[in-house]
Enquirer: 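This is the structure, below, for whatever I ask next.
Note that this is a predicted model, so its numbers are computed, not measured.
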Amino acid sequence: MTEALRQDLPPEARALSGRVEGDTHRLWLRVYYEDTDAGGIVYHANYLRYAERARTEMLRLIEVGQAALMADSGLVFAVKDCAVDYRSPARLDDLLEVRTRLIALGRAQLTAEQRIVAVGGGRAGEGRECAVLKVRVCCLNRAGQPSRMPPAIADALKPLCASRE
């Protein structure tokens, strides 16, 4: 699984996955016209998409390929629940940073706190939080039942986690 993932991600593309600093994964995204409503404000459901992309790229950086996980072991990650606190609207052309921290890691689930922050785009208020999400993700088998994460994946996630369930 790990070797195949390394081959799928050329060195120059690693920057597209953001970076890990300490226990935080950081991913930058630009707000495009397609992300906004007629007033140029990010549509509320797109924050969920941004958070999903960040979690996927975080896994990619620690060499956990979700497609390989599904193919090799029949396991998938699925969102169990999510709470979103919308704080300040992101707008067209804003540069956003999604900061992801794992706040709990169990045998079959993890909980992430994700902060979406406007960090650029030429408007006043840079550095303001647009949304804060708390997302619980479960590992499921082919039958859709909770299943233990493979030890290699749990071990790869531990350095990103503040506590253990």
Enquirer: Do Leu105 and Val20 share a hydrophobic cluster, counting only Ile, Leu, Val, Met, Phe, Trp and Tyr and linking them when any side-chain heavy atoms are less than 4.5 Å apart?
Expert: yes
Enquirer: Any chance you could measure Leu75, atom CG, to Gln66, atom CD, to the nearest 0.5 Å?
Expert: 11.5 Å
Enquirer: Distance from Cys161 atom SG to Arg101 atom CZ, nearest 0.5 Å?
Expert: 9.0 Å
Enquirer: Nearest 0.5 Å, what's the CD-CD1 distance between Glu63 and Ile153?
Expert: 12.0 Å
Enquirer: Just so I know, are the side chains of Thr111 and Lys134 near enough to count as touching, which here means a heavy-atom distance under 4.5 Å?
Expert: yes
Enquirer: Any non-hydrogen side-chain atom of Cys82 less than 4.5 Å from a side-chain atom of Leu133?
Expert: yes
Enquirer: I'd like to know if Ile62 and Val135 are part of one continuous hydrophobic network [Ile/Leu/Val/Met/Phe/Trp/Tyr, side-chain heavy atoms within less than 4.5 Å].
Expert: yes
Enquirer: Test question: given the 4.5 Å side-chain rule for I, L, V, M, F, W and Y, name all other residues clustered with Leu95, or answer none.
Expert: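 Hydrophobic cluster check, Leu95: joined to Trp28, Val117, Val119.
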Enquirer: Could you identify which residues cluster with Val132, counting Ile, Leu, Val, Met, Phe, Trp and Tyr as linked when any side-chain heavy atoms lie under 4.5 Å apart, either directly or through a chain of such contacts?
Expert: none
Enquirer: Can you find a pair of side-chain heavy atoms, one from Leu102 and one from Met58, that are under 4.5 Å apart?
Expert: yes
Enquirer: Have a look at Val31 and tell me which of Leu96, Ile41, Asp93, Asn46 forms a side chain to side chain contact (heavy atoms under 4.5 Å, CB included) with it.
Expert: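 Exactly one pass, corresponding to Leu96.
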Enquirer: Cut-off 3.5 Å, no hydrogens considered: what does the side-chain donor-acceptor table look like for residues 139-152, sequence neighbours left out?
Expert:
from, atom 1, to, atom 2, distance (Å)
Asn141, OD1, Ala143, N, 2.9
Asn141, OD1, Gly144, N, 3.2
Asn141, OD1, Gln145, N, 3.0

Enquirer: Supply the atom-to-atom distance Glu113 CD to Thr24 OG1, rounded to the nearest 0.5 angstrom.
Expert: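 Interatomic distance, Glu113 CD to Thr24 OG1, rounded to 0.5 Å: 9.0 Å.
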Enquirer: Considering all heavy atoms of both residues, which atom of Ile116 and which atom of Tyr50 are nearest to each other, and what is their separation?
Expert: CD1-CB, 4.1 Å
Enquirer: Do you know which two heavy atoms are closest between Phe77 and Leu69, and how far apart they sit?
Expert: CE1-CD2, 3.7 Å
Enquirer: Can you find a heavy atom in the side chain of Glu129 that is under 4.5 Å from one in the side chain of Arg99?
Expert: no
Enquirer: Does a side-chain N-to-carboxylate-O contact under 4.0 Å join Glu52 and Arg49?
Expert: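 No, no charged N to carboxylate O under 4.0 Å.
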Enquirer: Taking all atoms of both residues into account, what is the closest heavy-atom pair of Ala131 and Val84, and its distance?
Expert: CB-CG1, 4.3 Å
Enquirer: Shared ILVMFWY cluster between Leu48 and Val79, side chains joined below 4.5 angstrom?
Expert: yes
Enquirer: So, for Thr100 and Ala54, which heavy atoms are closest and what is the spacing to 0.1 Å?
Expert: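 The answer is OG1-CB, 3.8 Å.
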Enquirer: Please confirm whether the backbone N or O of Leu59 pairs with a side-chain atom of His25, one donor and one acceptor, at under 3.5 Å?
Expert: no
Enquirer: Checking Tyr47 side chain against Ala90 main chain: does a donor-acceptor pair fall under 3.5 Å?
Expert: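 Present.
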Enquirer: Any idea which heavy atoms bring Leu27 and Ser17 closest together, and the distance?
Expert: CD1-C, 3.7 Å
